[in-house]
Amino acid sequence: MLPRKFYNRDTVIVARNILGKRIIRKIRGIVITGIITETEAYRHTDDPASHAFVKQTERNKAMFDEVGHAYVYFMYGMHYCFNVVARHPKSKAGAVLIRAIEPEKGIKKIQKNRGTASLKNLTNGPAKLTQALEITKECYGADLTKDSKLYIEEGIKPKKIYESPRIGIKKASDKLWNFKINIKKI
DNA sequence: GTGCAGATCCCCT
DNA sequence: GGGGATCTGCACG
């Protein structure tokens, strides 16, 4: 799996470099894996859109804690989103939102969790992939650098990375901190 | 295919 | 007591 130091770099760098990596989720003996295809970077004092921008609170404290852990939060009354804590050593907070993955193993389980047989609509959104992988606040703070029920390892090498403004937020839309790759031909 | 309403919880002010 | 890093279904055309 990816070492701690992978996450000990600028959040935007990690958001780009984590594309193509493989996320592994184990649920009661069932293994689900997928390739990370879309991410967003959320930093600290220079990023008004970040949860960490105002100050440290009970909800966002994981963003200030050790890198390589999970930051999971609940929103809109029904959805979870999954982030990986990552930041430059000089920064106090930061996280990379995992917005989409390309499923590899455990597709049956994913379809069951998502309640659909569709293949295209399984994990192509931040709340969809947490539902597909059964990521809830139980996973808050989980260490992603250890072999456990949830971690990240090496994957494929992306060719072209596409940059855009981050999705669904109003602030700091000038920052092109949404990154994605196209891996339809693996 | 686009657009909008509704779901409905938790943390912060 | 407000609003949010979203998704789905249904309406319309």
Side-chain angles (χ1 to χ4, degrees), chain A residues 7 10-19 21 23 25 32 34 36-65 67-88 91-103 107 109-142 144 150 152 161-181:
Chain A
Y7 305 99
D10 181 87
T11 310
V12 174
I13 303 289
V14 176
R16 296 183 69 107
N17 279 273
I18 207 168
L19 289 168
K21 305 302 188 213
I23 180 167
R25 173 68 167 149
I32 298 173
I36 296 172
T37 57
E38 185 176 354
T39 64
E40 278 175 14
Y42 287 89
R43 295 209 302 208
H44 187 208
T45 51
D46 65 336
D47 184 5
S50 170
H51 287 168
F53 179 69
V54 179
K55 63 174 182 179
Q56 181 174 347
T57 66
E58 189 60 25
R59 177 176 70 158
N60 66 22
K61 66 180 180 186
M63 291 181 74
F64 295 80
D65 216 326
V67 299
H69 288 251
Y71 168 46
V72 180
Y73 64 89
F74 187 73
M75 62 168 321
Y76 293 124
M78 42 176 35
H79 297 303
Y80 289 97
C81 288
F82 172 56
N83 299 247
V84 182
V85 180
R87 80 181 86 92
H88 189 275
S91 179
K92 288 191 167 57
V96 175
L97 170 69
I98 310 299
R99 286 192 58 88
I101 65 174
E102 185 70 25
I107 291 182
K109 176 68 171 166
I110 291 175
Q111 288 171 327
K112 192 178 169 189
N113 285 343
R114 295 274 298 116
T116 174
S118 164
L119 283 176
K120 293 192 169 182
N121 207 22
L122 291 175
T123 53
N124 58 343
K128 295 181 192 175
L129 82 87
T130 55
Q131 190 183 15
L133 303 197
E134 291 186 31
I135 294 174
T136 68
K137 63 183 195 175
E138 309 265 312
C139 301
Y140 192 98
L144 304 173
L150 179 64
I152 299 173
I161 296 177
Y162 301 88
E163 302 179 349
S164 344
R166 290 171 290 182
I167 311 289
I169 59 171
K170 296 160 191 165
K171 298 170 183 170
S173 55
D174 57 317
K175 298 189 191 312
L176 300 180
W177 286 355
N178 171 287
F179 306 102
K180 54 191 158 187
I181 58 175

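Remember, predicted model here, so these are calculated numbers, not experimental data.
Nucleic acid contact class of A:Lys171 (heavy atoms, under 4.0 Å, all strands): none. Within 4.0 Å (heavy atoms only), A:Arg59 reaches sugar-phosphate atoms of the nucleic acid but no base atom. Looking at heavy-atom distances under 4.0 Å, A:Glu58 makes contact with sugar-phosphate atoms alone, never a base.
A donor-acceptor contact shorter than 3.5 Å links the side chain of A:Thr123 to the backbone of A:Ile101. Between the A:Arg25 side chain and the A:Glu134 main chain, a donor and an acceptor come within less than 3.5 Å of each other. The backbone N or O of A:Lys180 lies less than 3.5 Å from no partner atom in the side chain of A:Glu38, so there is not a single donor-acceptor pair.
For C:dT8, one of the phosphate oxygens OP1 or OP2 lies less than 4.0 angstrom from a side-chain nitrogen or oxygen of A:Arg114. For C:dA5, neither phosphate oxygen OP1 nor OP2 lies less than 4.0 angstrom from any side-chain nitrogen or oxygen of A:Lys170. In this structure, A:Arg99 reaches the C:dT6 phosphate: one of its side-chain N or O atoms is under 4.0 Å from OP1 or OP2.
Between A:Met78 atom CE and B:dC10 atom C1' the separation is 14 Å, expressed in whole Å. If you measure from atom CG of A:Asn60 to atom C1' of B:dC11, you get 10 Å, rounded to the nearest angstrom. Residue A:Leu122 contributes atom CG, which lies 14 Å from atom C1' of C:dC7 at whole-angstrom precision. For A:Phe74 and B:dA7, the CZ to P distance is 15 Å, given to the nearest whole Å. We find that CD1 of A:Ile167 is positioned 16 Å from C1' of C:dG4, with the value rounded to whole Å. When rounded to the nearest whole Å, the span between OH of A:Tyr140 and P of B:dC9 equals 20 Å. We find that CD of A:Glu38 is positioned 11 Å from C1' of C:dA5, with the value rounded to whole Å. For the pair A:His51 NE2 and B:dT13 C1', the interatomic distance rounds to 16 Å; values are reported in whole Å.
Of the candidate nucleotides C:dA5, C:dT6, B:dT13, C:dA5 has the atom lying nearest to any side-chain atom of A:Ile169. Distances from the side chain of A:Lys128 to the nucleotides B:dT13, C:dA5, C:dT8 place C:dT8 closest. Residue A:His79 has its side chain nearest to C:dT6 when only C:dT8, C:dT6, B:dC11 are considered.
A donor-acceptor contact under 3.5 Å links the side chain of A:Tyr73 to the base of C:dA5.
Here A:Tyr76 does not count as stacked on C:dG4, because the ring centres are not under 5.5 angstrom apart with planes under 30°.
B:dT2 is paired with C:dA11 under the Watson-Crick or G-U wobble criterion, all donor-acceptor distances under 3.5 Å. C:dA5 makes up no base pair with any nucleotide shown, lacking Watson-Crick or G-U wobble contacts both under 3.5 Å.
A pairwise comparison of heavy atoms in A:Asn178 and A:Arg99 identifies ND2-CD, 3.6 Å as the closest pair.
Taking the six-membered ring where the residue is Trp, the centroids of A:Phe82 and A:Tyr80 are separated by 6.0 Å or more. Checked against a 6.0 Å centroid threshold, the rings of A:Phe64 and A:His44 count as neighbours.
Between A:Gln56 and A:Met75, it is A:Met75 whose nearest contact on DNA chain B lies nearer the 5' terminus.
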